[in-house]
Amino acid sequence: MTTRRDFLKTSSLIGFGSTVPAFLGHTARSAPLADKAGAKDTVLVVVQLTGGNDGLNTVVPFTNADYYKLRPTIAIAKDQVKKLTDDVGFHPAMTTLAKLYTDDSAVCVVQGVGYPNPSQSHFRSMDVWHAASAAEALTTGWLGQSLKKRPVPAFHLAGGNEPAPLALTGAPVRVPSITSLDDFKLKTVSVTGADATAQKNVITSAATVAGGSSGTSLLDFVARTQMSTYASSEKLASIGKNYAPKVPYPTSALGNKLKLAAQLIDADIGARLFYVSIDGFDTHAGQGGTTGAHANLLTQASDAISAFYRDLAGRGHKDRLCVMTFSEFGRRAYENGSKGTDHGAGAPMILVGGGVKAGVVGEHPSLKGLKEGNLVHGTDFRRVYAAVLDKWLGIDPKPVLGDGFKPAEVFAK
């Protein structure tokens, strides 16, 4: 029989990976039920377009002659634009998102988003977006603060050694960064299958002993907690084994991350917040028009987000899902000598989901009223955040964002 001393000794040898979500139990319990007044059962997936996405070639003002004057080699021809309104349309690489817009009414485009006195530094501007503040010292993120107000399971779906974003800093418990469902598996010190099984048996047998006791000592609590964590980890690690997407996902890094998000959402573990990113948008040279680096990135983002939406819509989660894209800044209105674009401002945000207000929100930034070559923003990004917090997640935005940010009209109700 395994004694409590044995349990403590062996449990000190058995380490759950740093990504195992110890919060799954208490955050799920502390989150209001969906049928309670003011509570929500919605899911937010933030997609970060790292590097400064060129908004002017993402949402193209194809009727504006100044656009073609400013970009003689990288502009998108009018007949190639995926029309959204009579004046603007998506880059042709975004065919799948354009189809969601026209066929499913599941896309909201917010034009000209930014903030006053924008920084041209990747690091500073990204921190401003992450913290939802332009204060000198930024140490907590807008999502981390939001999780303090309403704790729910959240995940950063990372690639390689990608660090956790500032946006999630400040949460009541650390939001785990995971790369696959394997990150949830129990980590043991053994290197052989037999030894690993034996060590797992120690945990279950020790928990059985503890479970037969009505004790309230710290040791009983430790035993119950470790067994609960083990059970949760085993459940999470097994989610993907029988998961069959309703539509195929692209075999891109972003596609893999969003497929992982879909598995966790459909597993019904209470997870409501996901953060993913795709890098490479710093297109100073060789940006291209309908082909090239930028077109390839837009295809990756469009195809992955569209597959994600259609997969979850096919599983009955359409009206629970909101995907929100952002980038730290846009690009200059005019192309540079290297057939690329330099750091700018005033770029679109895109929201995808069954509950978004389908269509185009706001005016496209003027191409005549440039400021040092930059598009002038018309919508403060914190107004979009305010809408996401208030209308989607059911969180009062004022303690997170401060006063003065009226929620943008990006949701249908």
Side-chain angles (χ1 to χ4, degrees), residues 42-47 49 53 55 57-63 76-111 113 243-252 254-259 261-263 265-266 274 276 278 290-291 294-326 347-362 364 384 387-388 391-392 408-413:
T42 47
V43 174
L44 174 66
V45 180
V46 178
V47 178
L49 310 178
N53 177 44
N57 267 22
T58 300
V59 179
V60 182
F62 61 84
T63 62
I76 308 302
K78 181 178 180 179
D79 61 355
Q80 294 179 313
V81 171
K82 299 297 180 182
K83 189 175 179 180
L84 302 178
T85 70
D86 290 338
D87 299 308
V88 299
F90 277 148
H91 188 290
M94 303 172 69
T95 301
T96 48
L97 269 185
K99 192 171 180 60
L100 283 188
Y101 182 94
T102 57
D103 295 357
D104 296 68
S105 298
V107 179
C108 176
V109 177
V110 189
Q111 300 192 102
V113 185
Y243 190 86
K246 297 296 184 180
V247 297
Y249 280 79
T251 57
S252 62
L254 183 60
N256 291 336
K257 291 176 184 177
L258 291 179
K259 180 180 178 182
Q263 292 171 330
I265 291 168
D266 194 59
F274 298 85
V276 303
I278 172 174
T290 56
T291 61
H294 191 238
N296 181 52
L297 288 164
L298 291 179
T299 297
Q300 290 182 51
S302 176
D303 289 357
I305 293 171
S306 298
F308 179 56
Y309 170 82
R310 293 196 182 282
D311 182 21
L312 287 179
R315 295 174 179 276
H317 302 298
K318 178 182 70 172
D319 294 330
R320 296 183 60 214
L321 177 66
C322 176
V323 180
M324 182 187 77
T325 74
F326 84 96
M349 294 178 71
I350 299 173
L351 292 88
V352 177
V356 304
K357 181 180 179 181
V360 176
V361 175
H364 193 280
V384 182
V388 167
K391 308 298 183 182
W392 195 248
E409 295 183 3
V410 296
F411 294 106
K413 58 181 179 179

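Computed over heavy atoms, backbone and side chain alike; hydrogens, waters and symmetry mates excluded.
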Does the side chain to side chain contact (heavy atoms under 4.5 Å, CB included) test come out yes or no for Val45 and Met324, once each step is laid out?
-> CA-CA 6 Å; Val45 180; Met324 182 187 77; over 6 Å; no
With a 4.5 Å limit on heavy-atom distance, are the side chains of [X] and [Y] in contact?
{"X": "Val276", "Y": "Leu258", "value": "yes"}
{"X": "Val59", "Y": "Gln111", "value": "yes"}
{"X": "Lys259", "Y": "Pro245", "value": "yes"}
{"X": "Leu351", "Y": "Cys322", "value": "yes"}

Closest approach of [X] and [Y], non-hydrogen atoms and distance?
{"X": "Val384", "Y": "Val110", "value": "CG2-CG1, 4.3 Å"}
{"X": "Ser105", "Y": "Ala358", "value": "O-CB, 3.4 Å"}
{"X": "Phe411", "Y": "Ala387", "value": "CE1-O, 3.5 Å"}
{"X": "Trp392", "Y": "Val43", "value": "NE1-O, 3.0 Å"}
{"X": "Val81", "Y": "Gly89", "value": "CG1-CA, 3.3 Å"}
{"X": "Ala295", "Y": "Ala93", "value": "O-CB, 3.3 Å"}

Start with the C-alpha gap between Phe90 and Val109, add the side-chain angles, then the distance that decides, and say whether side chain to side chain contact (heavy atoms under 4.5 Å, CB included) holds.
-> CA-CA 10 Å; Phe90 277 148; Val109 177; 3.7 Å; yes
Please round to the nearest 0.5 Å and tell me the distance separating atom [atom1] of [X] and atom [atom2] of [Y].
{"X": "Leu254", "Y": "Ile278", "atom1": "CG", "atom2": "CD1", "result": "5.0 Å"}
{"X": "Asn53", "Y": "Leu297", "atom1": "CG", "atom2": "CG", "result": "8.0 Å"}
{"X": "Tyr101", "Y": "Lys83", "atom1": "OH", "atom2": "NZ", "result": "11.0 Å"}
{"X": "Leu321", "Y": "Leu44", "atom1": "CG", "atom2": "CG", "result": "9.0 Å"}
{"X": "Met349", "Y": "Thr58", "atom1": "CE", "atom2": "OG1", "result": "13.5 Å"}
{"X": "Met94", "Y": "Thr299", "atom1": "CE", "atom2": "OG1", "result": "9.0 Å"}

Measure up the His91 and His294 rings against each other and bin them: parallel (under 30°), tilted (30 to 60°), perpendicular (over 60°).
->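 His91 and His294: perpendicular rings.
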For residues 302-312, please give each side-chain donor-acceptor pair under 3.5 Å, one per line with the distance, not counting sequence neighbours.
from	atom 1	to	atom 2	distance (Å)
Ser302	OG	Thr96	OG1	2.5
Ser302	OG	Leu97	N	3.0
Asp303	OD1	Thr96	OG1	2.8
Ser306	OG	Thr96	O	3.4
Ser306	OG	Thr96	OG1	3.4
Ser306	OG	Leu97	N	3.4
Ser306	OG	Ser302	O	2.8
Arg310	NH1	Asp104	OD2	3.4
Arg310	NH2	Asp104	OD1	3.2
Asp311	OD1	Tyr243	OH	3.4
Asp311	OD1	Lys246	N	3.0
Asp311	OD1	Arg315	NE	3.1
Asp311	OD2	Tyr243	OH	2.7
Asp311	OD2	Tyr249	OH	2.7

Ile350 backbone acceptor or donor facing Thr325 side chain under 3.5 Å =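 Judged by distance alone, yes, a pair lies under 3.5 Å.
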What residues form a side-chain contact (heavy atoms from CB on, under 4.5 Å) with Ala77, not counting sequence neighbours?
->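 For Ala77 the side-chain contact (heavy atoms from CB on, under 4.5 Å) partners, ignoring immediate neighbours, are Asp79, Gln80.
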Could you pull out all residues at least two apart from [X] that satisfy side-chain hydrogen bond (donor to acceptor under 3.5 Å, both in side chains)?
{"X": "Glu409", "answer": "Lys357"}
{"X": "His364", "answer": "none"}
{"X": "Thr63", "answer": "Asp87"}

Run the numbers on Val352 and Leu100 for side chain to side chain contact (heavy atoms under 4.5 Å, CB included), then give the verdict.
-> CA-CA 8 Å; Val352 177; Leu100 283 188; 4.0 Å; yes
If a pair satisfies salt bridge (charged side-chain N to carboxylate O under 4.0 Å, His left out) and one of its residues is in residues 88-103, list it, with sequence neighbours excluded.
->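 Sorted result for residues 88-103: Lys99-Asp103.
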Going through the checks in order, is the side chain to side chain contact (heavy atoms under 4.5 Å, CB included) test met by Thr290 and Ile76?
-> CA-CA 6 Å; Thr290 56; Ile76 308 302; 4.2 Å; yes
